[in-house]
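Remarks on the structure that follows.
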Amino acid sequence: MIEILHYEFMRNALFAAVLVGIACGIVGAFVVMKKIVFISGGISHAAFGGIGLGYLLNINPVLTAIPFSLLSALAIGILSKKTKISEDAAIGILWSVGMALGILFISLSPGYAPDLFGYLFGSILTVPISDIIIMLILDIIIIVTVLLLYKELHALSFDEEFSMIVGVPTQTLYLILLCLVALSIIVLIRVVGIILVIALLTIPATIAKQFTSNLKKLIVLSMITAVVLTVIGLWLSYVFDLPSGAAIVLLLAIVFAICAGIKKYFTSKVK
Amino acid sequence: MKNSIIVELENIYFAYTNVPVLENINITIKQNDFLSIIGPNGGGKTTILRIILGLLEPDKGKVYVFGTSPKKARKHIGYLPQHITFDFDFPISVSEVVLMGRLGKRGIGRKYTETDISVCMAALQKVGMQQYRNNEIGKLSQGQRQRVFIARALSTEPKLLLLDEPVSSVDTQWQQAFYELLHDLNKEMTIVLVTHDISVVSTYVDKIACLNKRLYYHGSKKEGMHKISEMYECPVQLITHAPSHDSVGENDK
């Protein structure tokens, strides 16, 4: 295990796994608690438009995906809160329009689109150092925002109406939360890909939720779960030559099933 | 300050997508009033509270709360909704729920102060739930949860307390204590109570508003009690017989 760390790509992959775990541990806890899993799915698919734009303009697709996913987060939030369009319809529209734009941009860009598969399904072993730096910056933004807004986000997730009555700017706060989701999706894209992002935003937090009823502990536990399982998934994909995104997601699902089984076994024993 | 006007509703009309709920409502609530809004289900009681809070905008008419708009006045209002739906697995403790009442007093990025904590503990003590402060809210019984949400409304240190069926799920023993508590609180704040429990109205409340889409009576209890029984579609049985939710249901239509 140690000698594979001599390879630069392996060290990068390990960094990426840790950064991914931090982002999805923190943001995933709120995604699960506020029940915005499918909004997050919509934002991540819409981000594909940004990836396509990167190919077209010949810049790093991760960079162009940032404004794209932020805008789609805001669009979903505003469409569903300010207009009569229902939230799931807004998600559906953004989801497909983003994907369609991505496909259009890629077809317009000259030549073959290399690595496209990696953006869709993730490839942790090919994350370059430049992307690691972007991921690190986004992680810092996520951590600072959540530290500043912790009590407001906690209240918003629990009871939005009451938070609004006591003077919390809930609409703005909700949009900020969606933007945090958008940023965490960018952090995750390289590792698990647009299509599998939603697994890392939901499964670690859902696993952690089985073991604690304190939000701070839940966030920390889901961060640890995400980091550990991403690293193990990375190792499995290296050893057995599996696609990393799929390996990580399936590992998460297996661990979730085991934890849920253990929890059920013990709670039924107590009763 | 005594007798200054806290809430003024002028010619309020409200409809949920063409279903009229309130028509031509005029209500004035003065400082230290203890007003009970009574009326059948679907009569618009909750809608009035939500208009006072600025959660709903009336289609017609004017609303003044503390002489200003409901949205600006909200921070002085403590509110207990009739139903609070949340995930019983939600990771939040009783004291964290009650601390939510202090959110508006602390800016972004600032921690709750000692004062916030002591205000919340005092509110929990008032509803007799202080020993549950570290429990998960989802693990409490429905009645206990309702008491915690009453404490949360009190932790905002409101000047106006809006309670929407506050005793619908607490036991009768605690109901008595609760009304005594409201009686004490009424010295410091104005209280609006939506209820079906007419025995409460006769004992504790000093003003009533009888509401079924239109306002059938609004004024002091003394004149109101015998007037209501003569009046239109108001839940008349509730006045003369023991309160029961069935009799309310019969008056719906």
Side-chain angles (χ1 to χ4, degrees), chain A residues 26 28-37 81 84 143-173 176-177 205-222 260 263-264 267 270-271, chain B residues 17 49-50 52-56 65 70-112 116 134-139 145 148-149 152-153 155-158 160 162:
Chain A
I26 298 173
F30 289 104
V31 167
V32 170
M33 295 327 307
K34 184 81 182 101
K35 299 189 194 296
I36 48 171
V37 172
K81 294 265 167 172
K84 294 208 163 162
I143 292 169
V144 171
T145 313
V146 170
L147 281 178
L148 279 176
L149 300 175
Y150 176 80
K151 66 181 190 311
E152 284 81 10
L153 287 171
H154 193 190
L156 176 87
S157 310
F158 178 68
D159 188 343
E160 187 162 344
E161 184 179 277
F162 188 86
S163 309
M164 179 167 76
I165 293 169
V166 294
V168 175
T170 47
Q171 291 195 349
T172 313
L173 196 64
I176 291 172
L177 178 59
T206 313
I207 291 173
K209 203 177 155 200
Q210 321 240 351
F211 298 102
T212 179
S213 52
N214 176 303
L215 184 61
K216 282 178 190 158
K217 286 183 191 157
L218 192 150
I219 290 173
V220 173
L221 199 59
S222 90
K263 179 89 193 280
K264 185 143 178 107
T267 44
V270 170
K271 281 168 192 166
Chain B
T17 52
L49 294 191
R50 296 176 71 80
I52 295 173
L53 281 160
L55 295 173
L56 296 173
V65 185
K71 280 180 187 164
K72 284 183 189 156
R74 256 182 208 159
K75 56 179 182 285
H76 302 300
I77 306 179
Y79 175 47
L80 175 78
Q82 188 179 1
H83 302 292
I84 298 171
T85 46
F86 64 93
D87 179 1
F88 288 163
D89 275 346
F90 195 95
I92 191 165
S93 69
V94 166
S95 54
E96 284 173 320
V97 170
V98 180
L99 275 167
M100 280 178 72
R102 309 297 297 172
L103 273 174
K105 303 195 164 39
R106 298 292 153 250
I108 301 285
R110 292 185 52 195
K111 286 193 165 172
Y112 292 119
D116 294 331
N134 296 323
N135 288 42
E136 251 177 279
I137 186 88
K139 300 260 163 77
R145 282 203 298 274
V148 172
F149 289 126
R152 183 177 72 168
S155 77
T156 61
E157 297 183 299
L160 170 64
L162 305 180

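- Contacts between A:K216 and chain B at a heavy-atom distance below 4.5 Å are absent for every atom of the residue.
- The candidate with the highest count of non-hydrogen atom pairs below 4.5 Å against chain A, out of B:A153, B:G54, B:G104, is B:G104.
- Of the atoms belonging to B:I92, heavy atoms from both backbone and side chain fall under 4.5 Å from chain A.
- Residue contact with chain B, scored on non-hydrogen atoms closer than 4.5 Å, involves the side chain of A:K209 exclusively.
- When heavy atoms are compared at a cutoff of 4.5 Å, A:L218 approaches chain B solely by way of its side chain, counted from C-beta outward.
- Here the side chains of B:Y112 and B:L103 are in contact, with some heavy-atom distance below 4.5 Å.
- Among A:S163, A:P169, A:S157, the residue making the largest number of heavy-atom pairs under 4.5 Å with chain B is A:S157.
- With a threshold of 4.5 angstrom between heavy atoms, B:R102 does not approach chain A through any atom at all.
- For the pair A:I219 and A:F30, the minimum side-chain heavy-atom distance is below 4.5 Å.
- Contact annotation: the side chain of A:D159 never approaches that of B:F90 to less than 4.5 Å [non-hydrogen atoms, C-beta and beyond].
- B:S155 contributes a side-chain N or O that, together with a main-chain N or O of B:V98, makes up a donor-acceptor pair within less than 3.5 Å.
- Interface remark: of the candidates B:K111, B:K139, B:R110, B:R110 forms the most heavy-atom pairs closer than 4.5 Å to chain A.
- Between A:L177 and A:I36, the closest side-chain pair of non-hydrogen atoms falls below 4.5 Å.
- In this structure, the portion of B:F86 lying under 4.5 Å from any heavy atom of chain A is its side chain and not its backbone.
- A donor-acceptor pair under 3.5 Å is formed between the side chain of B:K105 and the backbone N or O of B:T156.
- Around atom NZ of A:K81, more than 12 heavy atoms belonging to other residues, nucleotides or ligands sit under 6.0 Å away.
- Nearest heavy-atom pair, A:E152 versus B:G107, reported as atom, atom and distance to 0.1 Å: OE2-O, 3.9 Å.
- For the set B:P70, B:G109, B:P81, the count of heavy-atom pairs under 4.5 angstrom toward chain A peaks at B:G109.
- Neither the backbone nor the side chain of B:L99 comes within contact range of chain A, judged by heavy atoms closer than 4.5 Å.
- For B:S93, no part lies under 4.5 angstrom from a heavy atom of chain A.
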Evaluate the ring pair (Phe, Tyr, Trp, His ring centres under 6.0 Å) criterion for residues A:H154 and A:Y150: first the C-alpha distance (whole Å), next the side-chain angles of each, then the deciding distance (0.1 Å), finally the verdict. CA-CA 6 Å; A:H154 193 190; A:Y150 176 80; 5.7 Å; yes
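- Annotation: maximal heavy-atom pairing with chain B below 4.5 Å, among A:E161, A:K217, A:K35, occurs at A:E161.
- Heavy atoms of B:I108 lying under 4.5 Å from chain A belong to its backbone as well as its side chain.
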